[in-house]
Amino acid sequence: MSLLVELSKDNETVKKLSRPLDEVIYTIAILKKTGHADISTLTNRIICQKIVYFSNRLGISPKYDFNLYVRGPYSPNLSRDLFTLAKKFDAVIPADFLSEEARNKFTSLNKMLLSTNSEPRMLELAATLDFFNINLNSKEKAVEKIRVIKNANDNEINE
């Protein structure tokens, strides 16, 4: 029996989710494809949040709303959904992108993860810089904000 069919029969679990069940499973499938489907530690949860943030920005994952929080953009709904299905992560198959456009976007996400070594601090800074850039509509203002708020140095910003 597929995980989607199995879980769809569990009304209590489905009611806890902020997104439709298939979207949450797909989000986990994207995390699995990146090799980061693990929320057992704070560090891992930060990485998952930033991967989904960038997946949203690239348009390859279901849309979650993110607010600025202590460690950069954070989605409480994403956190709740991941914790709700945490025991089912092993049963989720890594995402497979059918269109070339989606594969290219995922490749861009993977390049960003490689360039930051999936380090939480670098992912936090990159996501926060992007978040401010969108909301302030100015790269210069965004850079100044993360210098102040995240105490980011020039090397971190340039990376």
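Computation of the quantities below employed the complete heavy-atom set of this structure, encompassing side-chain atoms and omitting hydrogens, waters and symmetry-equivalent molecules. None of these values were measured; they are calculated from a predicted model.
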(request) Under the side chain to side chain contact (heavy atoms under 4.5 Å, CB included) rule, collect the residues that match up with S18, sequence neighbours excluded. (result) Y64, N77, R80, D81

(request) Any chance you could lay out the side-chain contact (heavy atoms from CB on, under 4.5 Å) test for L7 and I25, step after step, and finish with the verdict? (result) CA-CA 10 Å; L7 286 174; I25 290 173; 4.2 Å; yes

(request) State which residues pass side chain to side chain contact (heavy atoms under 4.5 Å, CB included) with K63; sequence neighbours excluded, sorted by chain then number. (result) N56

(request) First locate atom CZ of R19, then atom OG1 of T27, and finally report the distance between them rounded to the nearest 0.5 Å. (result) 8.0 Å

(message) Going by side chain to side chain donor-acceptor pair (under 3.5 Å), name the pairs with one or both residues in residues 89-100, residues two or more places apart or in two chains.
(response) none

(request) Sorted by first residue and then second, give each ring pair (Phe, Tyr, Trp, His ring centres under 6.0 Å) pair with at least one member in residues 69-92; sequence neighbours left out. (result) Y69-Y74

(request) Answer yes or no: is there an ion pair linking K105 with E101, defined by an N-O contact shorter than 4.0 Å? (result) yes

(message) Quick one, I60 and L109 - any side-chain contact, counting heavy atoms below 4.5 Å?
(response) yes

(message) Applying side chain to side chain donor-acceptor pair (under 3.5 Å) as the test, list every pair that has at least one member in residues 148-159; sequence neighbours left out.
(response) R121-E156, E124-K150, R147-D154

(request) Please list, chain by chain and in numerical order, all residues satisfying side-chain hydrogen bond (donor to acceptor under 3.5 Å, both in side chains) with E119, sequence neighbours excluded. (result) none

(request) Answer yes or no: is there a side-chain heavy-atom contact under 4.5 Å between T84 and V24? (result) no

(message) Let me confirm one number: the CG-CG distance from N104 to L58, rounded to the nearest 0.5 Å.
(response) 11.0 Å

(request) Give, for atom CG of D10 and atom NZ of K88, the distance between the pair rounded to the nearest 0.5 Å. (result) 8.0 Å

(request) Any pair with a residue in residues 13-54 that passes ring pair (Phe, Tyr, Trp, His ring centres under 6.0 Å), sequence neighbours left out, goes on the list, sorted by first then second residue, please. (result) Y53-F66

(request) Name all pairs fulfilling the ring pair (Phe, Tyr, Trp, His ring centres under 6.0 Å) condition that reach into residues 91-147, sequence neighbours left out, sorted by first residue then second. (result) F97-F106

(request) Applying side-chain contact (heavy atoms from CB on, under 4.5 Å), run through R71 and Q49 and close with a yes or a no. (result) CA-CA 10 Å; R71 300 286 184 146; Q49 284 275 335; over 6 Å; no

(message) If we ignore hydrogens and angles and just use 3.5 Å, is the side chain of S79 paired with the main-chain N or O of S75 as donor and acceptor?
(response) no

(request) Determine the minimum heavy-atom distance between S55 and I30, stating which atoms define it. (result) OG-CG2, 3.7 Å

(request) Mind checking the OG-CD spacing from S138 to E144? Nearest 0.5 Å is all I need. (result) 10.0 Å

(message) Please report the interatomic distance CG(D38) to CG(L31), rounded to the nearest 0.5 Å.
(response) 10.0 Å

(message) Please determine whether the number of non-hydrogen atoms from other residues, nucleotides or ligands lying under 6.0 Å from atom CD1 of I93 exceeds 12.
(response) no

(request) Measure across K32 and V92 and return the closest heavy-atom pair with its distance rounded to 0.1 Å. (result) NZ-O, 2.9 Å

(request) Taking atom NZ of K33 as the centre, report whether more than 12 heavy atoms of other residues, nucleotides or ligands fall under 6.0 Å from it. (result) yes

(message) Taking side chain to side chain contact (heavy atoms under 4.5 Å, CB included) as the definition, give me every residue that meets it alongside D22, ordered by chain and number, with sequence neighbours left out.
(response) L4, P20

(request) Taking the side chain as every heavy atom from C-beta outward, state whether T128 and P73 have any atom pair closer than 4.5 Å. (result) yes

(message) Using 0.5 Å steps for rounding, measure from the CD1 atom of I47 to the CD1 atom of I39.
(response) 13.0 Å

(request) Hydrophobic side-chain clustering at under 4.5 Å (ILVMFWY, transitive links): who's grouped with I46? Put none if nobody. (result) L42

(message) By the ring pair (Phe, Tyr, Trp, His ring centres under 6.0 Å) test, which pairs, at least two apart or in different chains, include something from residues 133-159?
(response) none

(message) Between L85 and L17, does the side-chain contact (heavy atoms from CB on, under 4.5 Å) criterion hold? Intermediate values first, please.
(response) CA-CA 9 Å; L85 295 185; L17 300 173; 4.2 Å; yes

(message) Using side-chain heavy atoms (C-beta onward) and a distance below 4.5 Å, is L125 in contact with I157?
(response) no

(request) Check side chain to side chain contact (heavy atoms under 4.5 Å, CB included) between L129 and all other residues, then give those that pass, not counting sequence neighbours. (result) A142, V143, I146

(request) Could you walk me through whether M112 and L123 pass the side-chain contact (heavy atoms from CB on, under 4.5 Å) test, one step at a time? (result) CA-CA 9 Å; M112 190 268 307; L123 290 171; 3.7 Å; yes

(request) Check whether any side-chain heavy atom of L21 sits under 4.5 Å from a side-chain heavy atom of T13, and report yes or no. (result) no

